[in-house]
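Everything below concerns the one structure shown next.
This one's a predicted model, so the numbers in the text were calculated from it and none came from an experiment.
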Amino acid sequence: MSGLHHCQVLQAEVLFMEIQVNFETIPSIQHNSQVQAGWIATYGQTFKYRSLFGNTRLYTVDPKALSHILMNHNIYRTPEATKNDLAQIVGPGLLVSEGDKHKQQRRVMNPAFGPGHIRELTEIFMAKSMELRDIWASKIATEAGQVELDALDWLNRTTLDIIGLAGFNYNFNALTHPDEDELSRAFATTLMAPQSMSLALMVKLTIPGFSWLPAEGDAETRDAKKIMDNIARKLLSDSKAALNVDKTSTGSKDLLSLLVRANMSTEIPESQRMSDEDVLAQIPTFFLAGHETTSSATTWALYALSQAPEVQDKLRQELSTLTSDSPTLEELNSLTYLDCVVREVLRLHAPIPAVGRVAVQDDILPLSQPLKDRKGNVTAESVLIRKGQVIRIPLIAVNQSKDFWGEDALEFKPERWDSLPEGATRIPGVWGNMLTFIGGPRACIGFRFTLAEMKALLFTLVRSFEFALAVSPDEIVQMTGITDTMINNTFHDSRAFLVLPALVTSYGLYKLLRCVYDEWTSPLNALPKPPCPSFVFGNMKEIMAAEAAQMQQSWIKQYGSTFTYKGFLGRTQLYTIDTKAVQHILMNTNIYTKPEAVRHRLSMLLGNGLVLVEGDKHKEQRRLMNPAFSAARIRDMTGIFIQKSIELRTALLLECAKGGGQADIEALSWLSKATLDIIGLAGFNYHFNALDPNAGENELTKAFSAALYSGKRGGFVSTICMFFPSLGWLPGSADGVMKHARESMRKIGRQLLDESKARVMEYAAAGRVKGGDCDGYGYGYGVQSGQRDLLSVLVQANTDARLGEGEKMNDADVVDQIITFLSAGHETSSLATTWALFALSHSPEVQSRLREELKRIDTDEPTMEELNGLVYLDKVVREVLRLYSPVISTIREATCDDVIPLAKVDWKGCGEVNHLRVRKGQRIVVGLGTLNKSEEVWGVDAGEFRPDRWDDVPEAAIHVPGVWGNMTTFLGGPRSCIGYKFALVEYVFILIFTSLYY
């Protein structure tokens with residue numbers, strides 16, 4: 001929306017005479033882009049700077065980073081302040097909506113902006129262009145060959161008329177009767193209202209919770225919006241009425257009519273149609289996006305042509321080859337030099353100088369140009385992005401970058417488009433190897449409209465007039481700053497510095513009072529709860545002092561399957577093992593997500609692997625990883641499980657031999673070595689050699705051990721941060737060790753990924769790919785001969801040509817899966833197997849009976865079919881995993897208000913209750929281990945190790961919403977453990993080879 005103001009056309013004459021253009025004051029980003037170019041030359045393509053109140057902003061022109069940001073719109077969204085500002089003008093239209101709402105609106109609106117419909121609108125573009133030409137020609141004639149004209153003003157009027165007719169069949173008549181139309185005046189008022197940045201407006205835009213503050217221009221904006229809404233409703237009503245009169249006719253050609261027609265189509269389900277309010281919001285969106293931007297770009301074109309007479313002459317010669325005054329869109333597109341001129345103008349003078357995005361979750365931003373320190377040393381090949389980080393995407397700086405366009409990047413040279421520089425092909429724009437219309441799923445939907453309109457205007461004007469600059473280029477003032485123009489005028493009043501501390505204090509007090517109010521009025525207050533011994537620590541000291549889940553088990557006996565307890569500073573925590581409630585929570589992953597603070601702390605180790613990501617990102621990762629964890633793939637890995645189980649057996653036999661046939665062995669240590677070797681080979685074809693007594697610790701083993709140890713000793717700070725996300729910046733005692741270890745793991749992970757990619761390409765080139773699994777979406781993925789590891793299968797699935805770029809994982813995400821494989825597939829399996837040996841050692845009769853069954857297998861390499869025939873082994877495995885779940889609980893947080901259904905319970909004083917109302921932000925702890933041992937589900941002997949209970953599973957256990965075995969050990973729902981088949985087979989093989997001989 002940055003425009004060329006006070007641009008004047010002087011001494012206009014008819015063709016072959018001269019129109020001199022005087023651009024006396026041009027607020028633009030041009031000078032600013034040169035400043036940014038200097039920063040890029042000094043600090044590289046990616047760096048940070050400080051914005052208002054010292055907030056850090058990430059600035060990048062790195063094409064790989066830009067592609068990642070623009071393609072992953074579910075992670076990087078428009079900042080709330082920007083959306084709120086835009087919403088004041090356009091309402092909840094396409095520019096403001098996000099997520100599913102944006103997809104819905106875009107799907108319905110796409111036909112209106114397709115090539116076929118733009119072709120039909122070209123008549124309007126040409127008619128208004130000729131009307132402008134005739135007005136200018138008549139003024140020249142009446143002024144004896146010389147006249148002063150305001151170029152931007154006239155082009156604004158023309159594009160206003162065009163968007164009125166082409167957008168919603170409305171006659172502004174701006175070329176003949178300017179400022180007389182009520183709708184245009186109302187829209188102008190909404191655009192001009194926030195031009196002066198007052199303290200109140202600054203606070204509204206920068207500090208959450210103060211949007212209610214009255215600011216200058218609010219009243220005028222409200223009145224103008226009422227006028228706009230009234231007229232827009234009439235336009236929508238007229239469009240619907242016209243369609244109802246003749247449903248078979250194509251009717252009006254305007255965008256609104258086509259949108260209404262598409263929205264009422266029987267091909268679109270009722271649930272996916274736009275409401276009237278959503279359709280109404282598109283009218284100011286059409287107005288904003290299709291009016292000022294095009295007039296600004298066309299004015300820049302006349303400015304550029306006035307400084308390059310040879311380009312103007314060459315263009316005019318090409319335009320004159322068409323004999324018609326009103327060419328078709330195909331004829332306009334056939335003018336190759338006109339196309340080059342339009343491309344070059346839009347590259348150099350993008351109407352929108354920059355856009356901002358904010359990360360809604362932690363992420364890894366990949367880079368094509370590594371970060372370097374002041375000495376030129378490479379420090380990182382990616383950037384860790386925290387939730388809430390604002391990123392500035394400088395569209396003009398990318399379009400004018402010498403890294404992409406060469407040393408003449410700042411020059412106006414249409415001929416460059418005859419041979420595009422290689423660097424420019426990496427720019428992830430939706431059109432023309434530039435970011436003028438942005439890129440990705442949120443790219444400008446109307447770029448074809450703008451291009452056709454701009455070509456029509458230039459065709460008519462340049463063909464009819466000759467343009468020359470009326471003043472020296474040095475007299476053109478170019479200004480603006482890296483922050484938004486409004487912010488430049490923020491501190492004209494020194495009182496801001498006196499008021500801001502009071503505002504910040506007030507905001508803190510408001511948040512505290514809000515927290516107290518929420519606790520006081522919580523709908524969960526009626527639930528039973530244990531006494532709270534401390535306001536500061538709540539019940540947390542009791543929980544942390546007790547053995548795993550012991551305190552919660554005693555509370556369940558006292559208060560039932562659903563109750564509350566207090567966290568730090570008296571925050572209410574909901575605890576439940578109610579089967580109906582647990583199923584609701586685990587199935588509705590869009591409502592109940594991992595708390596941000598939990599994800600933040602875990603991401604220090606795991607990055608953005610499958611365990612931590614949410615929403616669409618989780619679905620995309622899981623879809624790609626499903627083939628790697630299919631039953632067929634696990635069957636292919638049994639050789640690895642057998643090999644390492646035999647190695648473990650051999651090592652333990654040697655230990656026993658040293659002690660004369662008996663030895664005290666630390667089971668967990670040896671089992672950890674075995675599972676580490678297994679996940680190394682099965683996960684990513686890496687040899688840890690942990691079972692080899694002669695092999696020392698390699699770099700990855702050391703890094704993983706350090707990260708795991710530092711995670712366990714996170715201390716008080718880590719615990720506090722889990723409950724208070726805003727304190728995530730506090731340094732934990734082990735943060736430094738964790739960071740160093742994770743960088744080492746990421747470095748090795750990248751090496752493993754590169755090796756896996758090379759192997760996949762080698763086998764594919766050699767034609768050694770055999771058929772594999774189907775992922776459930778119609779894509780079949782095979783495994784390369786000899787390559788059984790999970791990473792290879794994932795890499796192959798991720799490189800499938802049938803996947804769009806937005807459906808694939810980037811390298812950073814794949815590397816994070818390696819760390820996730822290592823963490824999830826190592827400790828949990830070794831821990832579960834250790835508990836199995838513990839249980840068997842306390843039940844000699846079970847151990848003997850199991851050994852007798854295992855002796856029926858007379859081979860060291862049993863098949864999966866033979867394993868499945870071991871009935872008692874299956875019961876032992878189930879019983880161990882029920883009693884000794886490696887993960888005893890999981891935490892979720894409600895992202896919106898919700899009602900949780902319950903199995904019928906009778907709380908004292910509450911009567912019969914069958915549901916719970918929870919508010920947004922409520923923490924919920926699901927007791928996985930306690931549900932597995934619940935006496936209500938498994939009977940009074942639920943705490944005993946009794947494998948024979950699986951001969952007759954209690955009816956109540958059937959309702960436990962687990963993905964496997966009527967238990968929640970592997971969770972349930974869309975976020976259940978993807979690798980449970982892997983864990984079970986690994987667990988069974990190790991158990992066979994240890995139980996059979998010891």
Side-chain angles (χ1 to χ4, degrees), residues 547-550 553 577 634 641 645 648-649 652 665-672 674-675 678 824-854 857 862 867-889 927-935 937-939 941-954 957 960 962-972 976-977 979-998:
E547 292 184 17
Q550 288 297 316
Q553 285 181 2
I577 60 169
I634 303 304
F641 301 148
S645 297
L648 173 62
R649 180 188 67 186
L652 295 181
I665 293 171
E666 188 180 340
L668 181 58
S669 173
W670 281 101
L671 288 167
S672 289
T675 55
I678 288 173
H826 164 43
E827 263 217 342
T828 52
S829 295
S830 60
L831 192 60
T833 312
T834 305
W835 276 118
L837 298 182
F838 170 82
L840 291 172
S841 68
H842 281 69
S843 303
E845 69 287 352
V846 173
Q847 186 177 162
S848 299
R849 183 177 169 186
L850 175 62
R851 188 177 292 109
E852 287 302 314
E853 182 181 69
L854 296 180
I857 299 179
L867 289 182
N868 291 334
L870 299 172
V871 179
Y872 196 64
L873 172 63
D874 180 71
K875 291 191 288 187
V876 169
V877 168
R878 290 174 183 268
E879 187 69 348
V880 170
L881 289 173
R882 181 189 70 82
L883 270 179
Y884 304 107
S885 174
V887 180
I888 61 173
S889 64
L928 309 179
T930 48
L931 177 55
N932 286 349
K933 291 184 280 191
S934 169
E935 292 184 2
V937 175
W938 295 98
D941 63 349
E944 299 176 17
F945 178 65
R946 199 168 64 82
D948 286 326
R949 79 173 68 248
W950 292 93
D951 290 333
D952 185 17
V953 177
V960 176
V963 69
W964 176 84
N966 301 107
M967 64 185 79
T968 52
T969 303
F970 297 109
L971 295 180
S976 60
C977 175
Y980 77 91
K981 296 186 184 80
F982 181 103
L984 287 171
V985 176
E986 176 188 28
Y987 177 39
V988 164
F989 273 111
I990 294 177
L991 199 56
I992 287 175
F993 284 95
T994 51
S995 300
L996 192 56
Y997 291 88
Y998 303 98

Distance col, row Lys933:NZ vs Met967:CE, nearest 0.5 angstrom, shows 12.5 Å
Steps toward side chain to side chain contact (heavy atoms under 4.5 Å, CB included) verdict (Arg849, Val876): CA-CA 10 Å; Arg849 183 177 169 186; Val876 169; over 6 Å; no
What heavy-atom pair brings Leu648 and Ala674 nearest, and what distance separates the two atoms? CD2-CB, 4.0 Å
In short, Glu986 meets Ile678 closest at the heavy-atom pair OE2-CG2, 3.5 Å
Using side-chain heavy atoms (C-beta onward) and a distance below 4.5 Å, is Leu984 in contact with Ile634? no
With side chain to side chain contact (heavy atoms under 4.5 Å, CB included) as the test, would you mind laying out the steps for Leu873 and Leu850 before giving the verdict? CA-CA 6 Å; Leu873 172 63; Leu850 175 62; 3.9 Å; yes
Are the side chain of Asn932 and the backbone N or O of Thr968 linked by a donor-acceptor pair below 3.5 Å? yes
What residues, two or more places apart in sequence or in another chain, satisfy side-chain hydrogen bond (donor to acceptor under 3.5 Å, both in side chains) together with Asn868? none
Which residues satisfy the ring pair (Phe, Tyr, Trp, His ring centres under 6.0 Å) test with Phe970, sequence neighbours excluded? Trp964, Tyr980
Does a side-chain heavy-atom distance below 4.5 Å link Val846 with Leu840? yes
For Val880 and Ala832 the tightest heavy-atom approach is CG1-O, 3.7 Å
Rounded to the nearest 0.5 Å, the CZ atom of Phe945 sits from the OH atom of Tyr884 at a distance of 7.0 Å
Is there a donor-acceptor pair under 3.5 Å between the side chain of Ser848 and the backbone N or O of Glu845? no
For Arg949, side-chain hydrogen bond (donor to acceptor under 3.5 Å, both in side chains) partners two or more places apart: Glu879, Asp941
Sequence neighbours excluded, which residues qualify as side-chain hydrogen bond (donor to acceptor under 3.5 Å, both in side chains) partners of Thr833? none
Does the Ser885 side chain pair with the main chain of Arg882, one donor and one acceptor, at a distance under 3.5 Å? no
Correct closest heavy-atom pair for Thr675 and Ser830 would be OG1-CB, 3.5 Å
Across all chains, not counting sequence neighbours, the ring pair (Phe, Tyr, Trp, His ring centres under 6.0 Å) partners of Tyr872 are none
Holding to ring pair (Phe, Tyr, Trp, His ring centres under 6.0 Å), I want the full list of residues that pass it with Trp950, two or more places apart in sequence or in another chain. Trp938
Taking Glu666's backbone N and O only, do any of them form a donor-acceptor pair with Ser669's side chain (distance below 3.5 Å, no angle check)? no
Non-hydrogen atoms of Leu870 and Ile992 that approach each other most closely: CD1-CD1, 4.4 Å
Return yes if some donor-acceptor pair links the side-chain N/O of Glu935 with the main-chain N/O of Ala942 below 3.5 Å, else return no. no
How long is the gap from CG on Asn966 to CZ on Arg878, to the nearest 0.5 Å? 7.5 Å
Locate the shortest heavy-atom distance separating Val937 from Ala957; write the atom from each residue and the value. CG1-CA, 3.5 Å
Taking the side chain as everything from C-beta on, heavy atoms only, tell me whether Leu671 gets closer than 4.5 Å to Leu837. yes
On the 0 to 90° scale, with breaks at 30° and 60°, tag the Phe989-Phe993 ring pair as parallel, tilted or perpendicular. parallel
